[in-house]
Amino acid sequence: MEPKQHLYLVDGSAYIFRAYHRLPPLTDPEGTPVGAVYGYTTMLWKLAEDLNKADGPTHLAVILDAGSESFRNEIYEDYKANRPPPPEDLVPQFPLIRDATRAFSLPCIEEQGFEADDLIASYAREATRRGWDVTIVSSDKDLMQLVGKCAEPHDGVEGGCIDMLDTMKNQRIDIPEVIEKFGVPPEKVGDVLALMGDSVDNVPGVYGVGPKTATKLIQEHGDLETALAAAPAMKKSKLQERLIEQAEQARLSKVLVTLKEDCNLPLDIDAFKLDAIPPEPLAAFLGKHGFTSLLKRLETGTGSPANTTQLNPAKPVTAAAGPSEGASRQPLPDMPAVDRSAYECITTEAALDQWIARAAQARMVAIDTETSALDAMRADLAGISMAVGPNQACYIPLSHGGTDMFAEKPEQVALDNALARLKPLLESDAVLKVGQNIKYDLNVLARHGIEVAPIDDTMIVSFDLDAGRSMDGIGGGHGMDELSERHLGHTTLTFKEICGTGKKAIPFGEVPLDRATEYAAEDADVTWRLHSVLKPRLSEEGGTRIYERVDRPLIPVVAQMERHGIKVDRDRLAHLSSQFAEALGALEQEIYTCCGQEFTIGSPKQLGEILFDKMGYKGGRKGKSGQYSTDQAVLEKLAGEGAEVATKVLEWRQLSKLRSTYTEALQAAINPDTGRVHTSYSLVGAQTGRLSSTEPNLQNIPIRTEIGREIRECFVAEPGNVLLSADYSQIELRLAAHMADVPSLKEAFAKGEDIHARTATEMFGTVDRDTRGRAKTINFAILYGISRWGLAGRLGVDPDEAQAMIDRYFERFPGIQRYIHETLEQVRERGYSETLFGRKTWFPRINSKNGAERQGSERAAINAPIQGTCADIIKRAMARMGPALAEAGLPDVKMLLQVHDELVFELPESDVAAASPVIERVMAEAALPAVRLDVPLGVEIGSGASWGAAH
DNA sequence: GGCCGAACGTA
DNA sequence: GTACGTTCGGCCC
């Protein structure tokens, strides 16, 4: 197993300047000023400590400026000519930077003629091209041009991506943060910098153009050349004159700020591998300069910061908070209390435009849509709320008072007019839109022709930080009311309070505007506040990778799947339904005859009493309800003993289930507008990271029985199209073989063998129907966190025998036992399990005194990394699927459903041949390059007129 | 009307 | 033995 390589490039020269100005002037025992060096040393220490953490470095290098002259001086001789000489007490610290870096045994790179920025850009390009991720440790604005840049995929390897880390502010800088700073995405930062110039570096720019104007010009015109070209047509002003006069100067500036990405690389990036840091040279350095607190930690630690993750985190250089102690102990943020009277109800165009401008200027806006119902595919838009800061929130009613045609509607901006005004804001790549469960808003607004982007979702952020965490009875959910209570100490108005409940409930559009404003604007306000509290925790707690690279990109993809929906054959469902009804009627009569009375067959209570009390069959009471158990296992046992009624009840149950849950419910779920069924996926529904599906649940459509399979036949494609199903074969066992490092299982998968047969051979020495079946049961038992009792129940043997089999399994596959042991150790110690991609699941009861509770957590903790890794992999495949199909010239292939290890597509029949290999490849390579699995991921593809036929 | 447990559909 | 969601009956308010 090879974890994702992650190169950290430290902008050493820039750091030292900032550290100098921010830290008190310290001197070492010899009287040499070392304040900035101390800051630099603690930063390296902290970075090295993050080795092996989810987003931490695997490789690290420090990049320095070699001298004052660079190739830019050949282009523009005054470049950096205005630089004042560095302060006197900083000068002696420059060489110490190199000493410090060497003390950590880290590579230090500098190259005559190039600036550190150029070397960083070049190294970043090389690393991302190899599929590594890159974090630039700096806050230099020129380097922000690189943020979010990802290398093109090649040879089946996904390129890595670049982000930045400002260690002084303890802040990750990704695309949204760049947008927040510059008002434009990173690829346009160079154009903004070119216009505004830089007095320190003596980049001329255009005189009189500062950051504000530069941003405005690029936002309006798109890029520098277009802005310059548009200048003659602008209205007469000083600005217009200067843009025309100084166009060449602006172009020169662009060249000066553009980073050179093809420098010679003095040292190969493989040499940057970050390993355990030898303590001796580090101790010598720390001692020489009197950094006693660090020295003490080095001595009490296990040797060096790179393998002393148990150490307390280095004391932050600034007052910024260190890593959070856990969600339950979050201090309340420093924000004014929620004041609903501060909210504004927007009823005029002018007020709306003003808020849109405010949001654009803030570059970040929390939004929330209010609708007439919960189903995003049917609901009508009632209004939209926005927030740009604490208590700075508004509500824009759009269709209030529509129910009573004769009543006078409250004054409000007309829906189409308001949406036309909001559209540029909601679609602007310069403004981040934050939502709580924003997939809902994406779907509602998409139905009005608005494609909201870029986005952040506080619910998903909460999930990626705290999945599985429950706060001593407070609950560990990710709903807004709960999050507000937990993180803001604020109780929100509830929907029920505003709209009532049950029969008396009114649609949101009928709520009076003052109440509607309080509720809706509060939701946006709270979302804004939650974002400010939760988002920074991602980088502090190692959640950035899973959020930015897996879950956030998935949001619009899943939203699109929901909007596509899937066609079902209503007539066929109705036909099945009546067939089932007929059979049910007949069975009912037969059951009544057997029992000598009529009763509610669907009531386990009544059924149990009749079977066991009245008819005298044997079977025990069960559990706390004091009720007879009549479940499948019990009835099958009775049936085996010749009880005909048990067979009939089982058959009745199957048909009844199919009819009520599927044939009837699916017809009711058909959307009258689209004629299709639109499920809703929850991205936070399963603690392990799996999706869940509701209204209707399309992830539990029958397949195992012949009669159930008929329901799959009712899922069909439009004329001329087919449904294509692609599923991972045995993915969880493959992942178990990889994660537990079991050579014989890995070998069996590599050779394409029947894995259960192989297990049977290892376990029992022979393969036949019986031993293969038992081996299969044991294999799954392993994935689910084995126990002797559970396995005994499944195999129909006694617990001692089951234990003997488990022992035998561990003996034959020693990696499995080691995996279970190590996984549990880690969960007990840290509180959470982790997938191969860094997704955490928390297990607060893993050390419970209650044995059953603790063992339950242990089983879940063994399963979570495997199930969760599987979820991560298919999510990555889903996010890449759209672009891959587009690139292959297959825009008509639509991804409709996800069922944990299966993806279902609808596509023109003529596209099947071309699409199949693309889908197969994307799925099979979905783990790469972050994780290189030791086993191949098998993908099986089939297509046909229906979902049933596609299998 | 709302909530819970039993039962059962999927991976 | 893991992870879900839905339906139903039964019971509560």
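So that the names make sense, note that chain A is the first sequence line, chain B the second, and so on, each numbered from 1. Computed from heavy atoms alone, side chains included, the values below leave out hydrogens, waters and symmetry copies.
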**Residue pairs, two or more places apart or on separate chains, that pass side chain to side chain donor-acceptor pair (under 3.5 Å) and touch residues 804-817 of chain A** =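 As it turns out, the side chain to side chain donor-acceptor pair (under 3.5 Å) pairs with a partner in residues 804-817 of chain A, which skip direct neighbours, are Glu762(A)-Arg812(A), Asn779(A)-Tyr809(A), Gln803(A)-Asp807(A).
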Which part of the nucleic acid, if any, lies within reach of [X] when heavy atoms closer than 4.0 Å are counted: base, sugar-phosphate only, or nothing?
| X | value |
| --- | --- |
| Ala665(A) | sugar-phosphate |
| Arg794(A) | base |
| Thr777(A) | base |
| Ser656(A) | nothing |
| Leu783(A) | nothing |
| Gln855(A) | nothing |
| Ile703(A) | sugar-phosphate |
| Glu902(A) | nothing |
| Thr630(A) | sugar-phosphate |

Which of the following nucleotides, [options], is nearest to the side chain of [X]?
| X | options | answer |
| --- | --- | --- |
| Asn697(A) | dA11(B), dG5(C), dA7(B) | dG5(C) |
| Ala781(A) | dG1(C), dA11(B), dC4(C) | dG1(C) |
| Thr661(A) | dC4(C), dG10(C), dT6(C) | dT6(C) |
| Ser692(A) | dC4(C), dT10(B), dG1(C) | dC4(C) |
| Asn863(A) | dT2(C), dG1(C), dA7(B) | dT2(C) |
| Ala860(A) | dA3(C), dG9(B), dT10(B) | dA3(C) |
| Tyr784(A) | dG1(B), dG1(C), dC4(C) | dG1(C) |
| Glu695(A) | dG9(B), dG9(C), dT6(C) | dT6(C) |
| Ser603(A) | dG9(C), dG5(C), dG1(B) | dG9(C) |

Between [X] and [N], is there a side-chain N or O to OP1/OP2 distance below 4.0 Å?
| X | N | answer |
| --- | --- | --- |
| Arg859(A) | dT2(C) | yes |
| Arg704(A) | dG9(B) | no |
| Thr688(A) | dA3(C) | no |

**Request:** Report yes if the side chains of Asp727(A) and Glu940(A) come closer than 4.5 Å at any heavy-atom pair, otherwise no.
**Result:**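 Side chain of Asp727(A) against side chain of Glu940(A), heavy atoms only: contact under 4.5 Å found.
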**Request:** Check whether any side-chain heavy atom of Lys614(A) sits under 4.5 Å from a side-chain heavy atom of Glu609(A), and report yes or no.
**Result:**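 Result no, sub-4.5 Å side-chain heavy-atom pair not found.
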Flag the pair [X] and [Y] as a salt bridge only when some basic side-chain nitrogen lies within less than 4.0 angstrom of an acidic carboxylate oxygen.
| X | Y | value |
| --- | --- | --- |
| Arg828(A) | Glu858(A) | yes |
| Asp800(A) | Arg788(A) | no |
| Asp464(A) | Arg839(A) | yes |

Given atom [atom1] of [X] and atom [atom2] of [N], what is their separation to the nearest angstrom?
| X | N | atom1 | atom2 | answer |
| --- | --- | --- | --- | --- |
| Tyr662(A) | dT10(B) | OH | P | 6 Å |
| Ile846(A) | dT2(C) | CD1 | C1' | 13 Å |
| Gln606(A) | dG5(B) | CD | P | 20 Å |
| Arg690(A) | dG5(C) | CZ | C1' | 13 Å |
| Ile873(A) | dA11(B) | CD1 | C1' | 15 Å |
| Lys657(A) | dC8(B) | NZ | P | 8 Å |
| Ile610(A) | dG9(C) | CD1 | P | 15 Å |
| His951(A) | dT10(B) | NE2 | P | 11 Å |

**Request:** Give a yes/no verdict on a cation-pi contact between Arg774(A) and Phe764(A), requiring under 6.0 Å between NZ or CZ and the six-membered ring centre and an angle within 45° of the axis.
**Result:**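 Yes; both conditions hold, so Arg774(A) lies above the ring face of Phe764(A).
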**Message:** Once salt bridge (Lys or Arg N to Asp or Glu O under 4.0 Å) is applied, what residue pairs with a partner in residues 696-716 of chain A remain, sequence neighbours excluded?
**Reply:**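 Those involving residues 696-716 of chain A are Glu706(A)-Arg709(A).
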Hey, what are the protein-to-nucleotides 11-13 of chain C N/O distances that come in under 3.5 Å?
none

**Request:** Give the minimum heavy-atom separation between Ala581(A) and Arg659(A), together with the two atoms involved.
**Result:**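 Closest approach of Ala581(A) to Arg659(A), heavy atoms only: CB-NH1, 3.8 Å.
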**Request:** Measure distances between side-chain N and O atoms of Asn700(A) and base N and O atoms of dG9(B), and say whether any donor-acceptor pair falls under 3.5 Å.
**Result:**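 Looking at the base of dG9(B), it does pair with a donor or acceptor on the side chain of Asn700(A) (distance under 3.5 Å).
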